[in-house]
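Below is one structure; the comments refer to it alone.
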Amino acid sequence: MKKKLNRKFYNRPTLKVARELLGKYLVVKKEGTYVSGKIVETEAYIGPDDPASHAYRGMTRRNKVMFGDPGYAYVYLTYGMHHCLNFVTERKGFPAAVLIRALEPSEGIEIMRKRRKIEDLKNLTNGPAKVCQALGIDRTLNGADLCSDVIYVEDRENEPAKIVFTSRIGIKEGKDKKWRFYIENNEFVSK
DNA sequence: TATTGGATCGCC
DNA sequence: GCGATCCAATAG
């Protein structure tokens with residue numbers, strides 16, 4: 001049984017959403033392609049007081065979808081060349097999101113190989129920018145509805161996995177917070 | 001308007 | 001370990 005996550009799922013505390021996304025399947029249908037993968041690593045960025053969050057200094061042109069309704073994609077370009085995918089959480093007006101850091105490729109693996117221009121399965125989606133490249137995600141999907149048919153998350157009711165929580169990666173401030181989650185011993189978690 | 005640096009990746 | 005690459009954010 002496959003159940004698409006509804007907006008209520010995202011309209012909850014971000015840490016809870018970040019944890020519960022692990023083991024669920026991200027699906028992207030674009031240009032006649034269908035690709036999916038199991039979410040194995042996430043990070044939470046929460047509220048106006050999180051110094052690592054783009055929303056730390058208030059609303060800007062880039063981060064405004066973080067302040068909107070839950071259940072929408074926040075996609076941004078970083079380092080001038082890499083995209084990162086987030087899911088907006090919590091109530092409208094409260095800026096929070098979950099960064100999708102890694103997937104275990106499931107369906108459409110050959111399409112992912114072509115987009116990533118590499119063969120190695122374990123290197124296709126083990127990082128936030130790699131996920132976006134493999135899934136064909138760029139800023140045209142910023143603000144996309146996660147309850148649509150283009151990009152969404154499915155609960156396939158698979159066995160729950162053991163989860164590890166650690167500090168977030170690639171940030172300067174806010175390292176004290178253990179807001180990174182991943183599935184223990186999963187080979188597709190980023191380095 | 002000008003300057004600075006980044007929720008990364010891949011190659012050296 | 002370091003350069004790529006460009007745009008958003010901030011300062012002037």
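Numbers restart at 1 for each chain; the letters A, B, ... are given by sequence-line order, proteins then strands. Worth knowing before you read on, the calculation uses all heavy atoms, side chains too, and leaves out hydrogens, waters and symmetry mates.
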Exercise for review: On the 0 to 90° scale, with breaks at 30° and 60°, tag the Tyr74(A)-His54(A) ring pair as parallel, tilted or perpendicular.
Suggested key: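 Perpendicular.
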
Nearest whole Å is fine: how far is [N] [atom2] from [X] [atom1]?
X         : N      : atom1 : atom2 : answer
Asn86(A)  : dT8(B) : CG    : C1'   : 14 Å
Glu41(A)  : dT8(B) : CD    : C1'   : 13 Å
Met81(A)  : dA8(C) : CE    : P     : 15 Å
Asp50(A)  : dA7(B) : CG    : C1'   : 10 Å
Asn142(A) : dC7(C) : CG    : P     : 14 Å
Met66(A)  : dA7(B) : CE    : C1'   : 10 Å
Gln133(A) : dC9(B) : CD    : P     : 10 Å
Tyr76(A)  : dC6(C) : OH    : P     : 18 Å

Selection from [options] that lies nearest to any side-chain heavy atom of [X]:
X         : options                 : value
Arg139(A) : dA8(C), dC9(B), dA7(B)  : dA8(C)
Pro128(A) : dT5(C), dT8(B), dG10(B) : dT8(B)
Ile171(A) : dC7(C), dA4(C), dA7(B)  : dA7(B)
Asn123(A) : dG10(B), dT5(C), dA8(C) : dG10(B)
Thr78(A)  : dC9(B), dA8(C), dT8(B)  : dT8(B)
Thr60(A)  : dA9(C), dT8(B), dA4(C)  : dA9(C)
Tyr74(A)  : dC9(B), dA7(B), dG10(B) : dA7(B)
Arg57(A)  : dG6(B), dC9(B), dT10(C) : dT10(C)
His82(A)  : dC9(B), dT5(C), dG10(B) : dC9(B)

Review point. Does dC7(C) pair with anything, Watson-Crick or G-U wobble, both distances under 3.5 Å, and if so, with which nucleotide?
Key: dG5(B)

Review point. Using purine N1 to pyrimidine N3 plus N6-O4 or O6-N4 for Watson-Crick, or N1-O2 and O6-N3 for G-U wobble, both under 3.5 Å, which nucleotide pairs with dC11(B)?
Key: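 By the stated definition (distances under 3.5 Å), dG1(C) pairs with dC11(B).
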
Review point. Would Lys30(A) and Asp138(A) pass as an ion pair if we require N to O under 4.0 Å?
Key: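 Salt bridge: no.
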
**Study point:** Ionic contact status for Lys130(A) with Glu41(A), cut-off 4.0 Å
**Key:** no

Residue-phosphate contact under 4.0 Å: [X] side-chain N/O, [N] OP1/OP2:
X         : N      : answer
His54(A)  : dA8(C) : no
Arg61(A)  : dA8(C) : yes
Arg168(A) : dT8(B) : no
Arg101(A) : dT8(B) : yes
Lys172(A) : dG6(B) : yes
Arg62(A)  : dC7(C) : no

Practice item. Kindly confirm whether the side-chain ring of Tyr79(A) is stacked on the base of dA4(C), judged by centres under 5.5 Å and planes under 30°. Key: no

Practice item. Nearest 0.5 Å please: distance from the OG1 atom of Thr14(A) over to the CZ atom of Arg19(A). Key: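 Taking OG1 in Thr14(A) and CZ in Arg19(A), the distance rounds to 11.0 Å.
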
Practice item. Tell me what Leu77(A) touches on the nucleic acid: a base, only sugar-phosphate, or nothing, going by heavy atoms under 4.0 Å. Key: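 Sugar-phosphate, backbone atoms only, no base.
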
Check your understanding: NA contact type, Ala129(A), heavy-atom cut-off 4.0 Å: base, sugar-phosphate, or nothing?
Key -> sugar-phosphate

Check your understanding: Got a sec: does the CZ of Arg156(A) have more than 12 other heavy atoms crowding it under 6.0 Å?
Key ->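 Counting neighbours around CZ of Arg156(A), more than 12 heavy atoms of other residues, nucleotides or ligands fall under 6.0 Å, so yes.
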
Review point. Hey, is OH on Tyr34(A) packed in by over 12 heavy atoms from elsewhere, all under 6.0 Å?
Key: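 Correct, the count exceeds 12.
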
Review point. Does the pair Arg115(A) and Gln133(A) meet the rule for a side chain to side chain donor-acceptor pair (under 3.5 Å), with working shown?
Key: CA-CA 6 Å; Arg115(A) 286 177 177 151; Gln133(A) 197 180 16; over 6 Å; no

